[in-house]
There are 6 protein chains.
Amino acid sequence: MAAKTVGSSGADLANIANEAAIIAAKNNRKEIINEDLTQAFEKVAIGPERKSKVMNEQERKLSAYHEAGHAVVGHILPNCDPVHKVTIIPRGRTGGVTWFIPPEDKNYKSLIEFKEELATLFGGRIAEELVFGRERITTGAGHDLRIATDLARTMVMEVGMGKKLRDKAFHDLDGGLMFDKMTQSRPYSEKTAEEIDAEVSDILDEASQCAKDILKLNRKKLDELTEKLLAKETLDGDEVKKILKGTKLPSSAKK
Amino acid sequence: MAAKTVGSSGADLANIANEAAIIAAKNNRKEIINEDLTQAFEKVAIGPERKSKVMNEQERKLSAYHEAGHAVVGHILPNCDPVHKVTIIPRGRTGGVTWFIPPEDKNYKSLIEFKEELATLFGGRIAEELVFGRERITTGAGHDLRIATDLARTMVMEVGMGKKLRDKAFHDLDGGLMFDKMTQSRPYSEKTAEEIDAEVSDILDEASQCAKDILKLNRKKLDELTEKLLAKETLDGDEVKKILKGTKLPSSAKK
Amino acid sequence: MAAKTVGSSGADLANIANEAAIIAAKNNRKEIINEDLTQAFEKVAIGPERKSKVMNEQERKLSAYHEAGHAVVGHILPNCDPVHKVTIIPRGRTGGVTWFIPPEDKNYKSLIEFKEELATLFGGRIAEELVFGRERITTGAGHDLRIATDLARTMVMEVGMGKKLRDKAFHDLDGGLMFDKMTQSRPYSEKTAEEIDAEVSDILDEASQCAKDILKLNRKKLDELTEKLLAKETLDGDEVKKILKGTKLPSSAKK
Amino acid sequence: MAAKTVGSSGADLANIANEAAIIAAKNNRKEIINEDLTQAFEKVAIGPERKSKVMNEQERKLSAYHEAGHAVVGHILPNCDPVHKVTIIPRGRTGGVTWFIPPEDKNYKSLIEFKEELATLFGGRIAEELVFGRERITTGAGHDLRIATDLARTMVMEVGMGKKLRDKAFHDLDGGLMFDKMTQSRPYSEKTAEEIDAEVSDILDEASQCAKDILKLNRKKLDELTEKLLAKETLDGDEVKKILKGTKLPSSAKK
Amino acid sequence: MAAKTVGSSGADLANIANEAAIIAAKNNRKEIINEDLTQAFEKVAIGPERKSKVMNEQERKLSAYHEAGHAVVGHILPNCDPVHKVTIIPRGRTGGVTWFIPPEDKNYKSLIEFKEELATLFGGRIAEELVFGRERITTGAGHDLRIATDLARTMVMEVGMGKKLRDKAFHDLDGGLMFDKMTQSRPYSEKTAEEIDAEVSDILDEASQCAKDILKLNRKKLDELTEKLLAKETLDGDEVKKILKGTKLPSSAKK
Amino acid sequence: MAAKTVGSSGADLANIANEAAIIAAKNNRKEIINEDLTQAFEKVAIGPERKSKVMNEQERKLSAYHEAGHAVVGHILPNCDPVHKVTIIPRGRTGGVTWFIPPEDKNYKSLIEFKEELATLFGGRIAEELVFGRERITTGAGHDLRIATDLARTMVMEVGMGKKLRDKAFHDLDGGLMFDKMTQSRPYSEKTAEEIDAEVSDILDEASQCAKDILKLNRKKLDELTEKLLAKETLDGDEVKKILKGTKLPSSAKK
């Protein structure tokens, strides 16, 4: 599962602060340190760690390739956020997480950033397929696919980033200019809905193909990263960067 | 009816514990033993046993072939959970149950596991058809078909396991990236709904054909298991394994 | 109207018991006898008898042919429940009832039983049409048609008994395997809805044709039964059997 | 507007009894007489008389032709209920009423009775069109058209009286045979809805044409009845019969 | 904006009486006079006058042509209600109003009256277009178009005044004749909805063309009326009639 | 983001007054001055200024070009409101705002004013695309696209300003003329919905093309304005006018 270390709402922040205080107390510290906050954030965002949980060897290997897939694609693409941490310690309902951290707070997200984030989301599923074959792909990619679909819909429906449906929005009506509020739940036609679906489908297929191309070309790095993950269970950003050295594409290459 | 000995929610567990305590008390025991828990689980999951209920001979035979059908298909396919118990003692609204038990707790479910579980679910209906003819098939398969349809929809709509609709999700919108929550109940178009239906239909037809092939090839084992069931009413996993010895496919055969 | 002497829910049963107690009291009996229960059941299921109600001669004749039509078709088909009673004493909103009683409690219902029950339901309307001509058919068949349509939909949508749509279920989604509940009220496409309609329509047309064939071939028996009904108003199962002697098809004939 | 002197629910009956008591009291009578009940019924069914309301001459003439149209068609067709009263005294929102009274209480309604009731309902609008031309037809037929459409839908959707959609019902699902309640508001497909519309449309067109044929053939009687209505404002059944003597079709003519 | 001096509900009438009492009090009168009621009616129906509001010269001229357009078309067509008053004093959200007053209380509305009322409603928008060009038409016609569309839908869907969809009603089902209430929100098919739209569109286009023909033919009168309106701001019915003398079509011309 | 300094509701006004009082108090003034109101309005309409927020250089440049795009298109088109202020100080969720101020209060909005406002709304996105390339366009245009789509829908659906769908309204039914309220949420057909979508799409494409033509022709002015914005962060209307001198189209040119 690919996740971001940002985007928490006010409610989440209070929750995280409380968790951090508990963690600090458990460690007999009176003050919350940075590490407490990180642990608290991960727990609130995805669920508690389940170290006691024994995964069978096949699942562990699959989970490692899945996370390594996210990490490789995300590292290589020049407009993706840097990898912050990769882990195959189960947490909540997922068997592993690849964390990305934005280097600075941003106001906007560009079309190319959307595309590369999508490819990164597909990295997990595609790695499973490349390594174990289509019949062995798992439900582990369910959350990634859901997020990817939502992103592609947002591109087409909210920010006008479709190929044919460009610079248009497709939302519920806010009510008219001068008269009564219109309450139709979907103002556009079925034909427009079909066009939206076609755009969304194209965007997803293109991103999935991009992930496949990258992982095929970098299969050796993928194996290497997986091996390290199986050995150490958790790798931080620097360790990942070291392993994947020399693969990052220059930013201009895709502009 | 095919059922799993897993998947209970917290509420069910409390329920099961209470039932087990009652069963223990009825047997003048102060402590709950394993057997009490098993009985309690089966009662909560499917309903109370109805031993007093007399089934006519035709229904008993049909029910035995139905359960044997589940058991044979489930046993033969290499990625299915092992058979835990087969019974034709009526319970709740069903005339019999084949219980499967996962050998270990899993995080993920693979495409091949979905496919084989589906074939197992079809084993009951297909056995009825093979033995008694299409016109004598019964409503006894209603619950199995419902579960099978839900599984196939999950494969296509949630975890991207369709043949054409691969690596995509089809769910209600969660709200957009930056703006207001969109509240459309079905964001995709009618044409996409048709494509989803076609995928679901293909998956179900393929699984049903798989069950038919297995049961035709193993008709003698099916008859043998049915006979034993009619004689003993309940068979445990070891008894089933003994009867079906030599039929299990090697796991690699379908990879 | 064709009805079954089964299928009462718990609430109905309490209702029936109370009615039976009232009937016993009215007859100065302290204990409820079997006859009280039968009367109570019929009153609760369809409404009070309306003996005081005068039917004109044309309606009486039409009602007699309608009920005789149910009885003849139901008697002849080998997998139908036996006729328990036929009456043209108005009750509730109906001008007559043909009661069928299952010989034993069943867990399942087979495809052939569905088909023959449907043909029996059509017996009333078809008898009206054969005897009085299409323009004189009445609203008296409304309830029968509604029940028939529900049965055909259940066959196709719930228990996989369609011809093309076989071994599939078409129901609202229960929620997915691992993620959020999906709340779509109709998960399948319009095209699938068309296919379901075509199956339902075929099943109904076939059953209606079956009733027509039987009643044409047995017109003399139909007339005879009607005549007796007009004379005696109510006939029990044995009287019906005596009149229809020699018409029952052997069970194997349709297997 | 065409109306029937039947069909009141329990709530209406209490209402009518109260109105009758008030009318009796207004006339210094302590007992309700038959005439009080009739007046009360008409008031509750359609609204209070508005004698004070002055209609202009054009509207009075149009209203008289409209009601005479209902009366002529209803009188001529052999399976219609007899005309009870025709009036052009405004009542509630209508400028006139033609009352029909069923000669006896009926349990069923036949296909031919539906057809002739529909033709009678169209009698008002068609009379307006024949006499004043299409551009002068009025909203006065709105209620008649609404009732006619409901009747035609009932024929096709509830009692199986369509031409192609025969002996089938099209209603919301009641829930399935054995499993959960299905809550779809319209279980059948769009294509079936089109077929239903086509049947409804045909039935209405045929009934409208029937009314047109009758009124063209009997234009002289229509004029005569209208003239009498304009002179006397209200005509009872016997007066209508006298004027329309010799036009009634024999019942067998349309069987 | 075109408006009628009728159609107030009970609630509105109480509102109007209160407003009239306030106006009388403001003028130091203890009794409400006719003029108070008229002012109160206009305020309740459309909103308070906004004399203080300064309109720029372009908007004043556009508003004058718009209202003159309504008045000219309404005056010329023989079946329209007479013009009661035309004003370009802003009131509520509108920059001007043309009031029509029915000469007598009517029970019905004929097809020709619908058509001419529609043409009158289009008079405002068409005048803007003729005088200032399509690109300068304004939102000032929004309310007129809304009312016109509702009227055309009523013609086709409620009172059977379409060209092809004649003498039929298209409303939500009231429930069936004998059985349960059907709760479908739109009983007819999509194809029927298309046919209704086509009829509505034709009716509106024809009325709009009628307004255009009249205003082109009477451009000089339109200019003259506009000029007077700009000078005096409000014209009563007699002033309008004087200016438009000689343009009224004879009623028979369109029958 | 393009915004107007008008259109506040009553609730907003109270809110603005309170904010202004707070701003005055913060500045140790007892009376609210004009500047306080302006600041309060901007805060309530879009959110608080975020001066502390550091934007990276790329985002600052993109934001400057985006706002300059709005300003250039809005300034050049003759029927647009004058530019009041342009700023790239982040506020609420946006990285910059271009304020337009209507020179006088208007009752109506013309077709040409709609068109030019749309082109202005597209100015931001188009500027991003021209300068940085399609792949670098951002979510910054999301709000502009949403407003543009709503305006185009209003043109077509409420005020009859489509090209083919002219002088018609498409709204939920208000209920019929004489009978019951119809409660259909969308009275028109799917085909009409398609026609509406095609009109909306055409209007948006035309406006977007208009913005592109203007910005290509005036690229030098766009660069100049952006440069000044990057230097000064906020420019008032006079500064903008000075930079864009000589580009404004004469009003007659597009009439």
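So that the names make sense, note that chain A is the first sequence line, chain B the second, and so on, each numbered from 1.
To the nearest 0.5 Å, atom OG1 of residue Thr138(B) and atom CZ of residue Phe114(C) are 9.5 Å apart. Separating the NE2 atom in His171(C) from the CG atom in Leu145(B) is a distance of 10.0 Å, to the nearest 0.5 Å. Of the inter-residue distances, the one linking Glu113(C) atom CD with Arg136(B) atom CZ reads 7.0 Å to the nearest 0.5 angstrom. Atoms CG and CG, on Asp167(C) and Asp144(B) in that order, are 10.5 Å from each other to the nearest 0.5 Å.
Remark: the backbone N or O of Lys109(C) is paired with a side-chain donor or acceptor of Thr139(B) at under 3.5 angstrom. Side-chain atoms of Ser189(C) never come within 3.5 Å of backbone atoms of Glu190(B) as a donor-acceptor pair (strictly under, hydrogens ignored).
Proximity to chain C is limited to the side chain of Glu129(B), based on heavy atoms less than 4.5 angstrom apart. Heavy atoms closer than 4.5 Å to chain C are found in the side chain of Phe122(B), but not in its backbone.
Closest non-hydrogen pair, Arg166(C) versus Arg134(B), comes out as CB-NH2, 3.1 Å.
Between Arg146(B) and Lys168(C), the closest side-chain pair of non-hydrogen atoms is not below 4.5 Å. Taking the side chain as every heavy atom from C-beta outward, Tyr108(C) and His66(B) never approach each other to under 4.5 Å.
Proximity to chain C among residues 194-205 of chain B is limited to Glu194(B), Asp197(B), Ser201(B), Leu204(B), Asp205(B), judged by heavy-atom separations below 4.5 angstrom.
When the side-chain hydrogen bond (donor to acceptor under 3.5 Å, both in side chains) test is applied to Lys212(C), no partner is found at least two apart in sequence or on another chain.
With respect to the salt-bridge test (charged N to carboxylate O, under 4.0 angstrom), the residues Glu135(B) and Lys115(C) qualify.
Other residues, nucleotides and ligands contribute only 12 or fewer heavy atoms inside 6.0 Å of the NZ atom of Lys241(C).
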